[in-house]
Trainee: 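For reference, the structure I am asking about is given below.
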2 protein chains.
Amino acid sequence: MSRPTLADVAARAGVAISTASRALHRPGRIRAETAARVRAAADELGYVPSAAARQLHRSSAGAVALVVPDLTNPFFMALVRGSTRLLRAHDVVQVVADVEEEPESEEQTLAALAGRVDGMLLAASRLDAATLSTWSRRVPLVAVNHDAGDPEVPTVTIGTQGVEEAVEHLAGLGHRHLAYASGPATSWADARRRTAVVETCARLGVRLTDLGHHPPRRDAGAAAADAVLRSGATAVLTFNDLQAFGVLDRLASRGVQVPEDVSVIGHDDIFGADLTSPALTTVTVPAEELGARAAARLLGAVGLATAAPSAPPAATGPASTGPDRLATHLTVRGSTAPV
Amino acid sequence: MSRPTLADVAARAGVAISTASRALHRPGRIRAETAARVRAAADELGYVPSAAARQLHRSSAGAVALVVPDLTNPFFMALVRGSTRLLRAHDVVQVVADVEEEPESEEQTLAALAGRVDGMLLAASRLDAATLSTWSRRVPLVAVNHDAGDPEVPTVTIGTQGVEEAVEHLAGLGHRHLAYASGPATSWADARRRTAVVETCARLGVRLTDLGHHPPRRDAGAAAADAVLRSGATAVLTFNDLQAFGVLDRLASRGVQVPEDVSVIGHDDIFGADLTSPALTTVTVPAEELGARAAARLLGAVGLATAAPSAPPAATGPASTGPDRLATHLTVRGSTAPV
DNA sequence: TTGAAAGCGCTAACAC
DNA sequence: GTGTTAGCGCTTTCAA
């Protein structure tokens, strides 16, 4: 048998359907005894209100979706945590979906989720700008760390201060030849980051080898490490920490000393960055705040922000206004050394 | 203005609402030109079908929820990945919710999500057995690594082979006094794991100090480490790797050598376990398979399993039958040594 | 205080 | 091929 409906509950309690509805949500307007009877019936039946039916009537789903490219990347875990906190404080349900770095999978997910939620948070979308714009016209969304260049698409990004500091740090240490391992070709952040590296190197008169695109995963670090060695660079910056871990793995197994022979700098400062040996020098990104900020913007956009927060406004940052570009900074640990 | 409905699309295309519906979902039964006109209208309007309305009509939502206690714990990331893969192969939408280790938050989430999905996967629930049973009567659910003892609640768990091996390994190394750091008091897995440690120690004639409950987080490892040192044990087993990392941190900062002075064994073999120095000896859990297995059982229970997989049946393990207890095993790395 | 009835957006008979 | 219509489960006027 299918799940019990409000009609079943009403019948069992011997009241009208509307009375049952009120008894469950508006305890005041009903005789206490009736309300109790209804509640008992609902309980015995294991009644769960259908969110679909409720959503159909109201115009809002009371839920938003967060779409991330790879949930197994600790960076996104942190981001999720930030949005979760803010959303929970506003009594908005958050659903998270992992699209495993596949643009097609990302679009499928958008299609599947768009009709169930009031809005979506798209983290590090691998979609191109045009597709992103299109979806933005279909469903309220906030792009996180991906600027489609369309002013109609609300966006919150991170700055490139951190990577500039990284290059400066290396140059200050005497490095004259750096290498940059790119992330996915579909990553907006990677393009931006690479440009920052290129420009900073140019400004500082440091030679730069572009190592080409590598998947943003630990296992892709091996290829990047080999490329670094071939290039003759004395230091490498990777698109993200996962790649940096992989580089460290490979360098170690090839007997290359870090940081003595080659310096390594990652990006994101994810869980584990301080666990490696040597500990990883990396660009710290306020991932949690990024998630919270994006969530706040979305709530503002879909008009859910006014929902009285059930908890104090959360310490997760200002409301839906303010800068939409968060600063990053270099965190120096053990993986860099003078050349 | 609110989002466009099918009626808007039909009006714009100059057709009946049902024609519009068919044109969008059943391309065959409609004149090509009409279908194209409808599709164009939908496109211009940025039409997105309301999942709620569709779900109301059909009896199924085509979605399931996965509830985890802490998404920032790499163990759960792996589990999520496993269920995601299997579910995607069956064209079932998966939504993930993080309840941040709070039982109340967990119940709120259940209540919020139960009406939107066809079933739920409850990973390492912190709810007590009775509450779990109650919810199980309300919505199809599969408990992962939490056995409520209610045969009505489908369950998939992991065995304790790994922790037994861990104790045996330590005993074999000559350790005569071990310590166990428990996880959350509300964790079913912890109770089970602790019992296994107690019994194996008894069997082997090894002394055991119970360090009491500690949150399953890295920062909780400091207290556990201090307790180990006070106990005089030569080796410690922790509830999970996060705690083990924290123990390693603390031991290092107190100048205690691992594994020379104290051996450390974690549990889960999460991301980063091989990154620490020394690399962590830990109990490997097939987290991905656990997620896939649970998802398969849920699909079977809610009758979604028959949905023709859009991808080959996935290499993520057998269908909805088979053992519902997965084996674990010890993975020896550098953090243990003879006493 | 309670009941009857009108939709919310969509799909699926069932007509034409 | 295409239009009409009856609900799906729920909330909410409007009456009683």
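Reminder, nothing fancy here: chain letters follow the sequence lines and each chain counts from 1. Everything numeric here is computed off the predicted structure, so don't read it as measured data.
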Trainee: Looking at B:Arg138 and B:Ala111, would you say the former's side chain and the latter's main chain have a donor-acceptor pair under 3.5 Å?
Mentor: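 No; judged by distance alone, with no hydrogens or angles, the pair does not exist.
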Trainee: Compare side-chain N and O positions of A:Arg3 against OP1 and OP2 of D:dG9 and report whether any pair is under 4.0 Å apart.
Mentor: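 No, A:Arg3 has no side-chain N/O under 4.0 Å of OP1/OP2 on D:dG9.
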Trainee: Using a heavy-atom cut-off of under 4.0 Å over every strand shown, decide if B:Thr34 touches base, sugar-phosphate, or nothing.
Mentor: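 Since only primed, P, OP1 and OP2 atoms lie under 4.0 Å of B:Thr34, the category is sugar-phosphate.
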Trainee: Looking at B:Val64, is its backbone amide N or carbonyl O close enough to the side chain of B:Asp118 to form a donor-acceptor pair, meaning the two atoms are under 3.5 Å apart?
Mentor: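 No; judged by distance alone, with no hydrogens or angles, the pair does not exist.
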Trainee: Hey, are B:Glu100 and B:Ser105 close enough side-chain-wise for a donor-acceptor pair under 3.5 Å?
Mentor: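 No - no donor-acceptor pair under 3.5 Å links their side chains.
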Trainee: Tell me which of B:Ala20 and A:Val48 sits closer to the 5' end of DNA chain D, going by the nucleotide each one is nearest to.
Mentor: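 Per heavy-atom nearest nucleotide, the more 5' residue is B:Ala20.
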Trainee: In whole angstroms, how far is the P atom of D:dT11 from the CG atom of A:Leu6?
Mentor: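 In whole Å, D:dT11 P lies 6 Å from A:Leu6 CG.
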Trainee: Distance check needed: D:dC8 C1' versus A:Asp8 CG, whole Å only.
Mentor: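 The answer, rounded to whole Å, is 13 Å.
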Trainee: Is B:Glu102 salt-bridged to B:Arg126, going by a charged N under 4.0 Å from an acidic O?
Mentor: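 No, no charged N to carboxylate O under 4.0 Å.
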Trainee: With respect to the side chain of A:Ala16, which nucleotide from D:dT2, C:dA4, C:dC10 is positioned closest?
Mentor: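 Minimum distance to the A:Ala16 side chain belongs to C:dA4.
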Trainee: Counting any heavy atom closer than 4.0 Å, what does A:Arg22 reach on the DNA or RNA strands: base, sugar-phosphate only, or nothing?
Mentor: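 Counting heavy atoms under 4.0 Å across all strands, the contact made by A:Arg22 includes a base.
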Trainee: So which atom in A:Ser83 and which in A:Leu121 form the shortest heavy-atom distance, rounded to 0.1 Å?
Mentor: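 Scanning both residues completely, I find the closest heavy atoms to be CB-CD2, 4.1 Å.
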Trainee: Could you tell me how far apart A:Arg54 (CZ) and C:dG9 (C1') are, to the nearest whole angstrom?
Mentor: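 A:Arg54 atom CZ is separated from C:dG9 atom C1' by 17 Å.
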Trainee: Please round to 10 degrees the angle between the axis of the first five pairs and the axis of the last five pairs in the helix from C:dT1-D:dA16 to C:dC16-D:dG1.
Mentor: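 Axis-to-axis angle, ends of the helix: 40°.
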Trainee: Between CZ of B:Arg22 and CD1 of B:Ile30, what distance do you get to the nearest 0.5 Å?
Mentor: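 One gets 5.0 Å once the value is rounded to the nearest 0.5 Å.
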Trainee: So which nucleotide from C:dC10, C:dT1, D:dG3 ends up closest to the side chain of B:Thr19?
Mentor: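 Among the listed nucleotides, the one closest to the side chain of B:Thr19 is D:dG3.
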Trainee: Is the backbone of A:Val80 close enough, under 3.5 Å, to the side chain of A:Thr84 for a donor and an acceptor to pair up by distance?
Mentor: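 Checked: pair present.
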Trainee: Using a distance-only test with no angle check, is there a side-chain donor-acceptor pair under 3.5 angstrom linking A:Ser60 and A:Gln55?
Mentor: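 Judged by distance alone, the side chains do not pair up.
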Trainee: Select one nucleotide: of C:dT1, C:dC8, C:dT11, the one nearest the side-chain heavy atoms of A:His57.
Mentor: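 Nearest nucleotide to the side chain: C:dC8.
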Trainee: Within the structure shown, what part of the strands sits under 4.0 Å from B:Ser18 by heavy-atom distance: base, sugar-phosphate, or nothing?
Mentor: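 Base contact - B:Ser18 has a heavy atom under 4.0 Å of at least one base atom.
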Trainee: Is any side-chain N or O of B:Ser21 closer than 4.0 Å to OP1 or OP2 of C:dT11?
Mentor: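 Checking B:Ser21 against C:dT11: at least one side-chain N or O falls below 4.0 Å of OP1 or OP2.
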Trainee: Tell me: NE2 of A:His25 to P of C:dT2, nearest whole Å?
Mentor: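 Whole-Å distance recorded here is 16 Å.
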Trainee: Could you tell me the separation between the CD1 atom of A:Ile17 and the P atom of C:dG7, rounded to a whole number of Å?
Mentor: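 Distance, rounded to whole Å: 17 Å.
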Trainee: The side chain of A:Thr5 lies closest to which of these nucleotides: D:dC10, D:dT5, C:dG9?
Mentor: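 That would be D:dC10.
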Trainee: Tell me: CG of A:Leu56 to C1' of C:dA6, nearest whole Å?
Mentor: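 It works out to 13 Å between those atoms.
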Trainee: Could you check A:Tyr47 against B:Val15 and say which one's nearest nucleotide on DNA chain D is further toward the 5' end?
Mentor: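 Looking at the nearest nucleotide for each, B:Val15 comes out on the 5' side.
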Trainee: Rounded off to whole Å, could you give me the CZ-to-P distance for the B:Arg37 and D:dG1 pair?
Mentor: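 The distance from CZ of B:Arg37 to P of D:dG1 comes to 15 Å, rounded to the nearest Å.
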Trainee: In whole angstrom, what separates B:Arg58's CZ from D:dG9's C1'?
Mentor: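 Distance check: B:Arg58 CZ to D:dG9 C1' gives 17 Å.
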